[in-house]
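One is the number of the first residue; the rest follow in order along the sequence.
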Amino acid sequence: MKDLLKMAGVLTLISALAGGLLALTNSVTREPIAQSRRAEKLSAMRQVLPEYDNDPMADTCAIQDGGREWIFYVARRQGAFAGAAFEAVSDQGYSGAIRIMAGVGADDTVRGVEITEQLETPGLGARIAEPGFTDQFKNRGIADTTWAVAKDGGDIAAITGATISPRAVVAALKSGLEVYRRHKDKIVAARQTPDGKAPQ
């Protein structure tokens, strides 16, 4: 009985120490990880937005649509709406979810698409992150483009030997563009207040 109590005490002590170390590690790494993610997001935004002179990370518009919340990062130039960026995810990738950052200009053309997260097969599906694939989205009109890969009757060229991954990218982009079109007036008009909240 004594040995059992001693063993329970040792296990409790080890668990407490492990929990404390995990909590300490989390508190030390949380802020650097958050800063790194913010920097990555800003870098992607710069690639997909037209020129702007505001801070899109602080000038956002939250939209409830399709049972989820979409965040649009609004770009302005001299106070005028220049465009908006959004993140979208598709779970239809060959090896898992694919996350993109896309930007739309005030003229309703796609300004760019960046792949921000993917686990696709190197040399095949992973080529969705290469300019040879992503550049074809630039300057396409939202309304006059058939948002599907060519194999499905659309305007987007897939990657030879890897149709699933491009399909997932196009599906993610299309879903975000549809939300943007439905709520464009609200996105254009959105202004952040000094407390960081979008006015209702």
Side-chain angles (χ1 to χ4, degrees), residues 40-52 56 60-75 81-190:
E40 287 171 7
K41 191 176 282 191
L42 277 170
S43 175
M45 275 185 217
R46 288 190 196 101
Q47 299 299 316
V48 304
L49 282 172
E51 285 189 40
Y52 57 87
T60 61
C61 180
I63 301 289
Q64 293 292 333
D65 189 290
R68 62 161 284 194
E69 182 177 69
W70 293 79
I71 303 295
F72 287 85
Y73 302 92
V74 181
F81 177 77
F86 60 87
E87 290 181 288
V89 182
S90 171
D91 60 2
Q92 298 170 25
Y94 184 78
S95 301
I98 296 174
R99 183 180 297 272
I100 69 166
M101 174 76 75
V104 183
D107 59 354
D108 284 354
T109 61
V110 173
R111 302 307 295 262
V113 172
E114 287 287 303
I115 310 300
T116 57
E117 185 181 313
Q118 57 91 10
L119 297 168
E120 303 303 275
T121 308
L124 287 171
R127 291 171 57 203
I128 56 173
E130 295 176 2
F133 177 71
T134 58
D135 281 354
Q136 67 180 311
F137 295 102
K138 291 180 179 177
N139 302 314
R140 286 187 178 272
I142 297 175
D144 57 15
T145 299
T146 301
W147 296 107
V149 296
K151 193 172 182 179
D152 299 332
D155 294 327
I156 306 302
I159 294 166
T160 304
T163 305
I164 294 172
S165 307
R167 270 191 185 125
V169 173
V170 177
L173 176 61
K174 183 180 179 183
S175 63
L177 292 176
E178 287 173 351
V179 175
Y180 173 80
R181 286 184 72 183
R182 285 194 289 271
H183 302 277
K184 183 181 177 183
D185 290 346
K186 184 177 180 181
I187 295 165
V188 171

With sequence neighbours left out, write down each residue that passes side-chain hydrogen bond (donor to acceptor under 3.5 Å, both in side chains) with Arg167, or none if nothing qualifies. Asp152

Is the backbone N or O of Ser95 less than 3.5 Å from a side-chain atom of Glu120, with the two atoms forming a donor-acceptor pair by type? yes

Any side-chain heavy-atom pair from Gln47 and Met101 closer than 4.5 angstrom? no

Taking the side chain as every heavy atom from C-beta outward, state whether Asp108 and Lys184 have any pair of such atoms under 4.5 Å apart. yes

Please check: side-chain N/O of Thr146 versus main-chain N/O of Ala148, any donor-acceptor pairing under 3.5 Å? no

Smallest separation among heavy atoms of Arg127 and Gly123, with atom names: CD-O, 3.2 Å

In this structure, are over 12 heavy atoms from other groups packed under 6.0 Å from Phe81 atom CZ? yes

Considering all heavy atoms of both residues, which atom of Ser165 and which atom of Ile98 are nearest to each other, and what is their separation? O-CD1, 4.0 Å

Check whether any side-chain heavy atom of Tyr180 lies under 4.5 Å from a side-chain heavy atom of Ile142, and answer yes or no. yes

Less than 4.5 Å apart, any side-chain heavy atom of Val104 and any of Phe86? yes

For Cys61 and Ala190, the nearest pair of non-hydrogen atoms, with its separation, is CB-CB, 3.6 Å

Do Leu124 and Ile159 come within less than 4.5 Å of each other through their side chains, counting heavy atoms only? no

Do Val89 and Arg99 come close enough that some side-chain heavy atom pair is under 4.5 Å? yes

Applying side-chain contact (heavy atoms from CB on, under 4.5 Å), run through His183 and Phe72 and close with a yes or a no. CA-CA 10 Å; His183 302 277; Phe72 287 85; 6.0 Å; no

Does Ser175 offer a backbone N or O that forms a donor-acceptor pair with the side chain of Trp147 under 3.5 Å? no

Stepwise, does the side-chain contact (heavy atoms from CB on, under 4.5 Å) test hold for Val113 with Phe133? CA-CA 10 Å; Val113 172; Phe133 177 71; over 6 Å; no

Can a donor-acceptor pair be found, under 3.5 Å and without considering hydrogens, that links the side chain of Gln136 to the backbone of Ile156? no

So does Glu51 have more than 12 non-hydrogen atoms from other groups sitting under 6.0 Å from CD? no

Any side-chain heavy atom of Arg111 sitting closer than 4.5 Å to one from Asn139? yes

